[in-house]
Amino acid sequence: MKIETLAIHAGRAPDPATGALREPIHLSTTFERAADGSYPHGYSYTRAGNPNRASLETAVAALEGGVAAIAYASGSAATLAAFSLATPGGRIVSSADAYHGSLRQLRELLPRWGVSVELVDTTDLDAVRAALGSPASLLWVETPSNPLLKVSDIAALAELAHAGGALLACDNTFATPVLQRPLELGADLVMHSSTKYLGGHSDVLGGVLVLREADPLPRLQEFQACGGGVPSPFDCWLVLRSLATLPLRVRAQAVNANAVATFLATHPQVEQVHYPGLAAHPGHMLASRQMLGGYGAVVSFTVAGGAVQALDVVAHTSVFTRATSLGGLESLIEHRASMEGPESTTPPNLIRLSVGLEHVDDLTADLDHALRR
Ligand SMILES: *Cc1c(COP(=O)(O)O)cnc(C)c1O
């Protein structure tokens with residue numbers, strides 16, 4: 001079935017007890033055992049398994065074309081679960097341009113467990129081949145990446161990873177399964193911060209991993225149930241509810257983002273625009289091949305000057321709200337370097353936009369006003 005149909009039907013069925021079309025939110029932490037000690041409905045304790053979580057996992061696995069999905073309390077918890085697949089004393093190779101929290105786990109948490117980390121430009125296949133010359137458990141790629149919107153070749157990276165005995169994991173948060181299907185391109189694992197487009201309304205935190213093959217499933221489920229970083233039943237219910245509109249939201253946001261990026265590209269106060277939909281973007285051709293009819297709805301750009309000038313623009317929008325995060329209905333604007341903190345390598349004059357569903361004329365007028373003051 002097509003993604004529009006799966007988004008509405010996967011993981012959903014009328015409640016067998018009442019016929020309610022929408023699944024009840026199962027807040028119970030514990031489930032009754034039968035007299036023989038068994039669990040007749042398959043649930044024992046909500047950290048180990050919950051019906052709302054199971055429904056969400058079924059739906060996300062279907063959207064990404066995976067065999068299974070495992071939901072966590074945040075994208076960061078899902079990322080850490082994926083990193084836990086590294087063998088002790090092993091190595092992880094990762095995109096150098098990636099979500100700053102993922103890089104922080106790689107730089108600070110993993111080395112304490114004896115896992116070494118190498119950051120490479122994953123748009124440079126020779127650099128990746130060289131990095132995979134020493135054994136690695138995992139190649140982690142974020143594409144399009146945060147905050148520079150770099151585009152990496154998932155199929156080529158999958159080949160390199162597999163030739164080197166590593167799994168390829170792809171952070172698909174920016175593209176969503178509507179615009180990019182990494183498992184079909186050979187990736188072994190997909191990660192989402194469902195806080196972003198899957199949730200889509202800036203009101204729920206979550207993360208999920210999706211698997212192409214069942215091999216790593218027991219380890220990842222153990223990290224979920226035993227590690228305990230599980231999403232609440234209500235959070236799972238909210239994300240599942242939002243998935244129904246994911247294809248509509250993401251495509252419309254990508255159309256708006258393309259128009260905003262095109263507008264910024266010729267603006268006299270703008271130095272450079274990073275958006276793979278622009279023909280001048282170095283990843284444009286690859287993104288056109290690899291992505292499914294849209295380039296996502298995150299746009300970043302640099303303004304003439306430094307942090308002061310960028311902060312001044314950010315201070316003067318009124319439709320774009322000054323806030324971090326992305327993927328919600330409303331447009332957000334952010335001075336990225338000051339959000340990422342002192343170790344940030346993001347250019348000080350860079351502004352990141354999450355383009356929402358407002359009318360595009362209001363969005364471009366708002367940016368024009370803030371840029372021209
Ligand atoms: C937000 C984000 C994450 C982290 O997700 P949380 O839900 O905030 O923990 C990881 N990767 C990308 C690309 C993100 O945008």
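What you see is a predicted model, and the numbers here were worked out from it, not measured in a lab. Note that ligands are numbered from 1 as they come in the structure, with each ligand's atoms numbered from 1 the same way. If you read the sequence from its start, that first residue is 1, and numbering goes on from there.
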Engineer: Take the angle between the ring planes of Trp140 and Phe83 and call it parallel below 30°, perpendicular above 60°, tilted in between.
Structural biologist: perpendicular

Engineer: Hey, can you tell me if Phe263 and His267 have their rings parallel, tilted or perpendicular (30° and 60° cut-offs)?
Structural biologist: perpendicular

Engineer: Which residue is it: Thr346, Asn146, Thr324? I am looking for the one with a side chain to side chain donor-acceptor pair (under 3.5 Å) to Glu340.
Structural biologist: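 By the side chain to side chain donor-acceptor pair (under 3.5 Å) criterion, Glu340 pairs with just one of Thr346, Asn146, Thr324: Thr346.
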
Engineer: Search all heavy atoms of Ile351 against all heavy atoms of Ala310 and return the closest pair with its distance.
Structural biologist: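 What the structure gives for the nearest pair is CD1-O, 3.7 Å.
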
Engineer: State, yes or no, whether a side-chain contact exists between Lys150 and Thr143 at a heavy-atom distance under 4.5 Å.
Structural biologist: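 The answer is no; the side chains never approach within 4.5 Å.
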
Engineer: Is it true that Leu246 and Ile8 fall in one hydrophobic cluster, defined by side-chain heavy atoms closer than 4.5 Å?
Structural biologist: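 No, no single cluster joins them.
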
Engineer: I'd like the contact residues of ligand 1, where contact means a heavy atom below 4.0 Å.
Structural biologist: Ser74, Gly75, Ser76, Tyr99, Glu142, Asp171, Thr173, Phe174, Met191, Ser193, Thr195, Lys196, Gly206, Leu326

